[in-house]
Amino acid sequence: MIASARRSPRTLRPFFSLFGIALFLLLARDTGPVMAAQSLAARALIPIEELVSGIGSGVSGVFTSIAEIDRLRTENEKLRVQVEQLTLENVRLREQDTAAQQIAELQKIAASFPQRSVTADVIARDPSGFVRTLTIDAGTDQGVAVGDVVVAGQGLVGRVTQAYATYSRVLPITDPGSAIVATVQRSRASGIVHGVFGETLTLEWVLQTEQLAPGDLVITAGLALNEEIRSLYPKGVVIGTVAGVEKADVRAYQKAVLTPAVDFRKLERVLVLKGG
């Protein structure tokens, strides 16, 4: 009991010491030394506060930057989609403008022919075998018939050899089976234009005495061939231009190579003259 009584004051001694210090600081908080110590401590803590504040600002800036990157990525994706849509729309409008110009050109040409006509799109090309045909999207439903002449803005294309309800097949003038009575526009010399394999034509049976030179324009003569009652092709349609002339002293006739007026590789729309 006596030992416990002796140890109790020792146990309470730290408590009383801290209590005394706290009471002293409370009573002396407005005194000069204590205020100076507080000021010194505050100045000592300023770098630590700035460091902590900088770290906080940096972390906040990182999260802000991440959010800004996400926002910019979203806006960039929206702009990319808009650019693709505008590009497609621009292509569509250009194609519509090209089609309108081609149709207007064909309608102007149609006014120069007495027979009725219909415009058609080239939907297929068949370069296989010996017969090279074009397929157009106009047939008997539009009044197209076998023998109808087909022209383009640049000149003569060929004639219809097969006609179905919604489409027809056209034999181009470059096919070897094609033969046209033609006239050289400058000299009025006459001959027969045949198709050859490839993209060229030949003008044959032109007398050696006739004038024929590179650059001469060759047009349809509007004359029947062999025993035909009438010519399939109207008069004055451009066939092509002379690219070269072959002459021989021992022959009565000269021959020329022609470049077709129509570029069949780029042919998109044609005019079908109804009634041949």
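Below, all heavy atoms of this structure are taken into account, side chains as well, without hydrogens, waters or symmetry copies.
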Discussion item. Under the criterion side-chain contact (heavy atoms from CB on, under 4.5 Å), I'd like the reasoning laid out for Val184 against Glu210: C-alpha separation, chi angles, the key distance, then a yes or no.
Written reply: CA-CA 10 Å; Val184 180; Glu210 297 287 359; over 6 Å; no
Rounded to the nearest 0.5 Å, the CD1 atom of Ile123 sits from the OG1 atom of Thr166 at a distance of 7.5 Å
Please check: side-chain N/O of Gln254 versus main-chain N/O of Leu207, any donor-acceptor pairing under 3.5 Å? yes
Do Val144 and Ile109 sit in one hydrophobic cluster, given that two such residues count as connected whenever their side-chain heavy atoms are within less than 4.5 Å of each other, even indirectly? yes
pair Glu246-Lys255: side-chain heavy atoms closer than 4.5 Å: yes
Test side-chain contact (heavy atoms from CB on, under 4.5 Å), reference Ile136, set Leu267, Val157, Val272, Thr119, output is Val272
Please walk me through it: do Lys108 and Glu105 pass salt bridge (Lys or Arg N to Asp or Glu O under 4.0 Å)? CA-CA 5 Å; Lys108 186 183 297 183; Glu105 183 180 9; over 6 Å; no
For the hydrophobic clusters of this structure (ILVMFWY residues joined by side-chain heavy atoms under 4.5 Å, transitively), does one cluster hold both Phe264 and Val160?
yes
Taken to the nearest 0.5 Å, the spacing of Glu89 CD from Arg94 CZ works out to 12.5 Å
When rounded to the nearest 0.5 Å, the distance separating CG of Leu93 from CG of Leu88 is 11.0 Å
The reported gap from CG in Leu258 to CD in Glu204 (rounded to nearest 0.5 angstrom) is 10.0 Å
- Please examine the side chains of Gln82 and Leu79, heavy atoms only from C-beta on, and report whether any two atoms are closer than 4.5 Å. yes
Correct closest heavy-atom pair for Ile219 and Arg188 would be CD1-NH1, 4.5 Å
- Item | Candidate pair Lys78 and Glu75, rule salt bridge (Lys or Arg N to Asp or Glu O under 4.0 Å), full reasoning | CA-CA 5 Å; Lys78 290 180 180 179; Glu75 291 183 357; over 6 Å; no
What one should report as the nearest heavy-atom pair of Ala179 and Ile192 is CB-CG2, 4.3 Å
Measure the shortest side-chain to side-chain distance between Val193 and Ile173 over non-hydrogen atoms and say whether it is less than 4.5 angstrom.
no
Tightest non-hydrogen contact, residues Val245 and Leu212, listed as CG2-O, 3.7 Å
Can any side-chain N or O of Asp137 pair as donor or acceptor with the backbone N or O of Asp121 at less than 3.5 Å?
yes
Residues passing the ring pair (Phe, Tyr, Trp, His ring centres under 6.0 Å) test with Phe113, sequence neighbours excluded, are none
Taking every heavy atom of Val206 against every heavy atom of Gly191, the minimum-distance pair comes out as CG2-CA, 4.0 Å
### Task
State whether the side chain of Thr174 and the backbone N or O of Thr200 hold a donor-acceptor pair below 3.5 Å, judged by distance alone.
no
Next on the checklist: If you count heavy atoms of other groups shown closer than 6.0 angstrom to CZ of Arg265, is the number above 12?
Outcome noted: no
Discussion item. Is there a path of hydrophobic side-chain contacts, each under 4.5 Å between heavy atoms of I/L/V/M/F/W/Y residues, joining Leu134 to Leu232?
Written reply: yes
Rounded to the nearest 0.5 Å, the CD1 atom of Ile239 sits from the CG atom of Leu201 at a distance of 7.5 Å
Determine, step by step, whether Arg169 and Thr135 satisfy the side-chain contact (heavy atoms from CB on, under 4.5 Å) criterion, reporting the C-alpha distance in whole Å, the side-chain angles of both residues, the deciding distance to 0.1 Å, and the verdict.
CA-CA 5 Å; Arg169 298 196 188 279; Thr135 303; 3.0 Å; yes
| query | Within the distance-only criterion (no hydrogens, no angle test), does the side chain of Arg159 pair as donor or acceptor with the backbone N or O of Ser178 below 3.5 angstrom? | reply | no
Report task. Might you work through the side-chain contact (heavy atoms from CB on, under 4.5 Å) test for Val118 and Lys274, ending with a clear yes or no? Result -> CA-CA 8 Å; Val118 59; Lys274 297 180 182 181; 4.0 Å; yes
task = Please answer whether the main-chain N or O of Gly236 pairs with a side-chain N or O of Thr220 as donor and acceptor at a distance below 3.5 Å.
result = yes
> Yes or no on side-chain contact (heavy atoms from CB on, under 4.5 Å) for Val237 and Val149, after CA distance, side-chain angles and deciding distance?
Replying inline: CA-CA 11 Å; Val237 182; Val149 175; over 6 Å; no
Hey, any chance Val122 and Val170 share a hydrophobic cluster, counting ILVMFWY side chains that come within less than 4.5 Å of each other, even indirectly? yes
Check your understanding: Between Asp70 and Arg73, does a salt bridge (Lys or Arg N to Asp or Glu O under 4.0 Å) hold up when you go through it step by step?
Key -> CA-CA 5 Å; Asp70 290 337; Arg73 185 180 292 116; 3.0 Å; yes
*Do other residues, nucleotides or ligands put more than 12 heavy atoms under 6.0 Å from Lys247 NZ?*
yes
Exercise. Report yes or no: does Asp216 contribute a side-chain atom to a donor-acceptor pair with the main-chain N or O of Ala213 at less than 3.5 Å?
Key: yes
Return yes if some donor-acceptor pair links the side-chain N/O of Gln162 with the main-chain N/O of Ser168 below 3.5 Å, else return no. no
* To do: Would you check if Val270 and Val151 make a side-chain contact, meaning some heavy-atom pair closer than 4.5 Å?
  => no
Are the side chain of Asp175 and the backbone N or O of Pro172 linked by a donor-acceptor pair below 3.5 Å?
no
In terms of heavy-atom contacts, Ser190 and Thr183 come closest through OG-OG1, 4.1 Å
Closest non-hydrogen atoms of Leu203 and Ala182, given as atom of the first, atom of the second and distance, are CD1-CB, 4.4 Å
